[in-house]
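In what follows, every heavy atom counts, from backbone to side chain, and hydrogens, waters and symmetry copies are set aside. Each chain gets a letter, A, B and so on, in the order the sequences are listed, and its residues count up from 1.
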2 protein chains.
Amino acid sequence: MAEDPDLFKALGDATRRTILDELTDRDGQTLFEICGRLAMKHGLASSRQAISQHLAVLEQAGLVHTRRQGRYKFHHIDTSPLRSIVERWPIDREEPDP
Amino acid sequence: MAEDPDLFKALGDATRRTILDELTDRDGQTLFEICGRLAMKHGLASSRQAISQHLAVLEQAGLVHTRRQGRYKFHHIDTSPLRSIVERWPIDREEPDP
DNA sequence: GTTGTAGGCAAGCGTTCACTTGCCTGTCAA
DNA sequence: TTGACAGGCAAGTGAACGCTTGCCTACAAC
């Protein structure tokens, strides 16, 4: 089996999924960048600490990798863990209308 | 956006993921069949009511469809909702070792 | 050094969630 | 009709989770 509970836990929260959307749109953002853009584009009023905790969960799931540079910490998305999902439950190709 | 929170909520629980594994292995099982086989193969000691509630969540997420026949209710897996995940965050092809 | 910025750590709070318990409905066989 | 079987409904409980609050560390500009 050897499944990864952290992966599904990370995907379980709507704010974390929005963060993945944000990093898909613009990869390598800092914490404050993400906070600002989430408030702008998605109307999310999440605090900095909340986003920070979300990023920690995403990093533990392997969906986000970080890169430190001075006092900045850049966050990069990595979608490869998602492959385990479609490998576990194969998706039927193009289902025709019933 | 139009994401489906129910899908990720359904995938968020380990027992529900095991149920999906079980239905992948043998599709169209009844509630009692699933209970029995989960106890046998996976050592899960979940009660009937617990499994029933899990199946309701999976059905609401569109991952499981049901078919009534007399006093039996057969459960069928449908992995097509999973497609929205890989469409939302495209997966890189075959990452080489760093 | 002092100030401002980027981020981290940890305790507390309220909600959500999985599971149990108990009882009820519907179907089939004897 | 009676009893066994397959499943459903709803309230209650304990744990996990998301978020806040408050304080602290590290780096950079003045």
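A donor-acceptor contact shorter than 3.5 Å is absent between the side chain of T24(B) and the backbone of W89(A). Checked by atom type and distance alone, the side chain of E22(B) never pairs as donor or acceptor with a backbone atom of I19(B) at under 3.5 Å. A donor-acceptor pair is defined here as one N or O able to donate and one able to accept, closer than 3.5 Å; no such pair exists between the side chain of D6(B) and the backbone of V57(B). For the pair T30(A) (side chain) and E33(A) (backbone), a donor-acceptor distance under 3.5 Å is present.
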Stepwise side-chain contact (heavy atoms from CB on, under 4.5 Å) check, L55(A) with I51(A)
CA-CA 6 Å; L55(A) 286 170; I51(A) 303 293; 4.2 Å; yes
Assess whether side-chain contact (heavy atoms from CB on, under 4.5 Å) is satisfied between I85(A) and F8(A), documenting all intermediate values.
CA-CA 9 Å; I85(A) 298 180; F8(A) 298 99; 4.0 Å; yes
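Distance CZ (F8(B)) to P (dG18(D)): 15 Å, rounded to an integer number of Å. As rounded to whole Å, 12 Å separates atom P of dC19(D) from atom CG of L55(A). The CD-C1' distance, from E59(B) to dG8(D), rounds to 13 Å in whole Å. What separates CD1 of I51(A) from P of dC17(D) is a distance of 18 Å, to the nearest Å. Distance NZ (K9(B)) to C1' (dA16(D)): 14 Å, rounded to an integer number of Å. Per the geometry, CD belonging to Q29(B) stands 14 Å off P belonging to dA6(D), to the nearest Å.
Heavy-atom minimum distance, D78(B) versus S80(B): OD1-OG, 2.9 Å.
For the helix from dG1(C)-dC30(D) to dA30(C)-dT1(D), the axis fitted to the five pairs at one end and the axis fitted to the five pairs at the other end meet at an angle of 20° (nearest 10 degrees).
Looking at residues two or more places apart in sequence or on another chain, you find no side chain to side chain donor-acceptor pair (under 3.5 Å) involving E87(B).
Residue pairs meeting the side chain to side chain donor-acceptor pair (under 3.5 Å) criterion with at least one member in residues 43-58 of chain B, sequence neighbours excluded, are R16(B)-H54(B).
Both H54(A) and Q69(A) sit near DNA chain D, but only H54(A) has its closest nucleotide nearer the 5' end.
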Which nucleotides of nucleotides 4-14 of chain C have their base under 4.0 Å from a protein heavy atom (B), which only their sugar-phosphate (S), and which neither (-), written as one string 5' to 3'?
BBSBBBB----
Under 3.5 Å, side-chain donor or acceptor atoms of residues 60-69 of chain B against the rest of the protein: list the pairs with distances, not counting sequence neighbours.
unit_1: T66(B); atom_1: OG1; unit_2: E59(B); atom_2: OE2; d: 2.9
unit_1: R67(B); atom_1: NE; unit_2: H76(B); atom_2: NE2; d: 3.1
unit_1: R67(B); atom_1: NH1; unit_2: Q69(B); atom_2: OE1; d: 3.2
unit_1: R67(B); atom_1: NH2; unit_2: H76(B); atom_2: NE2; d: 3.1
unit_1: R68(B); atom_1: NH1; unit_2: G70(B); atom_2: O; d: 3.3

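Applying a 4.0 Å cut-off to non-hydrogen atoms, none of the residues of residues 12-19 of chain A approaches DNA chain C.
For the atom pair CD (E3(B)) and OG1 (T18(A)), the distance works out to 6.0 Å, reported to the nearest 0.5 Å.
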